[in-house]
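Remember, predicted model here, so these are calculated numbers, not experimental data.
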Amino acid sequence: MKKILIIIFLFIFSCAKPTVVNIIEPNDKNLNCDELEFEIAEAQKIKEEANFSKDSGGNMARIILFWPSWAQSLHNADEAMLAANNRVFHLIKLMKEKDCKNAEKFKAALKENQTKIYKENIAEQLQTLKNLYEAGDLTEEEYKKAKNKVLN
C-alpha cells in the first residue's frame with residue numbers, strides 16, 4: 001500500500017508546469033502605452049510565479065524521490081520565464097515604436113534582472129546537484145547526466 005501511495009505521489013507531483021505566456025498576442029499593436037505597461041507587469045508576474053515554482057517544497061520532494069522530474073520541473077519553469085521575458089521584450093519594442101516615455105526604463109530593468117536570474121539559476125542548480133552527489137543521493141552517472149542537462 002505504501003508503494004502505491006508513493007507512485008501516485010510521484011505521478012501527480014512529478015513536474016511543475018508553470019504558465020507559459022504567448023509572446024505575441026493578436027491585439028498587441030492596438031495597445032496604448034498604459035496598456036503595454038500593464039501587459040509588461042502581467043508578464044513579469046508570471047515570470048516571478050515560474051521562478052517561485054523552482055524554489056517550492058515540491059522541488060525538494062522531486063530531488064529526493066525522483067531527480068529527473070526535478071530537472072524537468074526546472075526546465076518547465078525556465079521555459080515559462082523565457083517566454084515571459086520574450087513577451088516583455090516584444091512589448092518594449094512596441095512601446096518604442098509608439099514613443100512611450102518608459103520604454104528605455106523597462107528595457108534596462110529587464111536586461112539587468114534577466115542577467116542576474118540566469119547566473120543565479122545555473123549556479124544554484126549546479127550547487128544542489130553537487131550537494132546531492134557528495135551526500136551520496138546521486139550516483140556519479142546520475143550526477144553527470146543531471147549536470148549536463150542543467151548546462152545544456
Side-chain angles (χ1 to χ4, degrees), residues 5-132 138 142-152:
L5 290 175
I6 290 173
I7 290 171
I8 291 170
F9 176 82
L10 286 175
F11 282 111
I12 292 173
F13 298 106
S14 63
C15 295
K17 297 191 190 300
T19 303
V20 177
V21 299
N22 292 324
I23 296 167
I24 300 172
E25 292 288 343
N27 197 35
D28 284 347
K29 290 192 179 211
N30 299 329
L31 299 174
N32 64 36
C33 293
D34 290 336
E35 292 168 329
L36 287 166
E37 286 186 28
F38 176 79
E39 288 294 321
I40 288 172
E42 288 297 305
Q44 289 174 331
K45 187 167 98 175
I46 289 171
K47 185 173 88 172
E48 288 170 13
E49 290 169 359
N51 192 38
F52 176 76
S53 75
K54 292 169 71 170
D55 299 328
S56 69
N59 275 334
M60 287 297 121
R62 288 181 198 99
I63 290 171
I64 294 166
L65 299 173
F66 192 58
W67 73 264
S69 70
W70 167 73
Q72 185 62 46
S73 294
L74 293 179
H75 172 75
N76 293 344
D78 286 340
E79 188 176 306
M81 291 170 62
L82 179 62
N85 273 345
N86 287 337
R87 173 127 178 93
V88 172
F89 276 123
H90 165 70
L91 294 168
I92 290 170
K93 181 180 174 189
L94 291 176
M95 286 180 78
K96 285 177 146 184
E97 290 172 7
K98 294 176 183 258
D99 292 323
C100 297
K101 63 182 177 179
N102 292 328
E104 287 301 320
K105 179 181 91 172
F106 278 108
K107 183 178 178 183
L110 179 65
K111 283 186 177 182
E112 180 181 320
N113 191 32
Q114 185 178 11
T115 302
K116 179 183 169 193
I117 288 174
Y118 178 76
K119 288 178 182 178
E120 289 174 358
N121 181 31
I122 290 178
E124 181 180 299
Q125 290 177 42
L126 291 173
Q127 186 61 49
T128 300
L129 287 172
K130 182 181 176 192
N131 293 344
L132 289 168
L138 294 176
E142 290 172 330
Y143 171 71
K144 286 180 181 178
K145 266 185 172 177
K147 183 179 172 184
N148 285 335
K149 190 163 187 166
V150 168
L151 292 173
N152 293 327

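Across all non-hydrogen atoms, the minimal contact from A50 to A77 is O-CB, 3.5 Å.
Here CG of L91 is found 11.0 Å from CG of N86. Values are rounded to the nearest 0.5 Å. To the nearest 0.5 angstrom, D34 atom CG is 8.0 Å from C100 atom SG. Within the model, atoms CD1 of I23 and CG of N85 stand 10.0 Å from one another, a figure rounded to the nearest 0.5 Å. Atom NZ of K101 sits about 9.0 Å away from atom SG of C33, to the nearest 0.5 Å. Taking NE2 from H90 and CG from L36, the interatomic distance works out to 8.5 Å, rounded to the nearest 0.5 Å. Rounding to the nearest 0.5 Å gives a distance of 11.0 Å between CD1 of I92 and NZ of K105.
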Q) Would N76 and E79 satisfy side-chain hydrogen bond (donor to acceptor under 3.5 Å, both in side chains), going step by step from the backbone distance to the final call? A) CA-CA 5 Å; N76 293 344; E79 188 176 306; over 6 Å; no
Q. When you look at L94 and L31, which way does the side chain to side chain contact (heavy atoms under 4.5 Å, CB included) test go after all the steps?
A. CA-CA 9 Å; L94 291 176; L31 299 174; 6.0 Å; no
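By the neighbour-count criterion of 12 heavy atoms within 6.0 Å, atom NZ of K144 is sparsely surrounded, having that number or fewer from other residues, nucleotides or ligands.
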Acceptor/donor pairs from residues 37-46 side chains to any protein atom, 3.5 angstrom cut, sequence neighbours excluded:
{"unit_1": "E37", "atom_1": "OE2", "unit_2": "N102", "atom_2": "ND2", "d": "2.9"}
{"unit_1": "E39", "atom_1": "OE1", "unit_2": "R87", "atom_2": "NH2", "d": "3.1"}

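Judged by distance alone, with hydrogens and angles left aside, the side-chain atoms of N148 form no donor-acceptor pair with the main-chain N or O of K145 at under 3.5 Å. In this structure a side-chain-to-backbone donor-acceptor pair under 3.5 Å is missing from N22 to E25.
Among residues two or more places apart in sequence or in another chain, the side-chain hydrogen bond (donor to acceptor under 3.5 Å, both in side chains) test is passed with K96 by E104.
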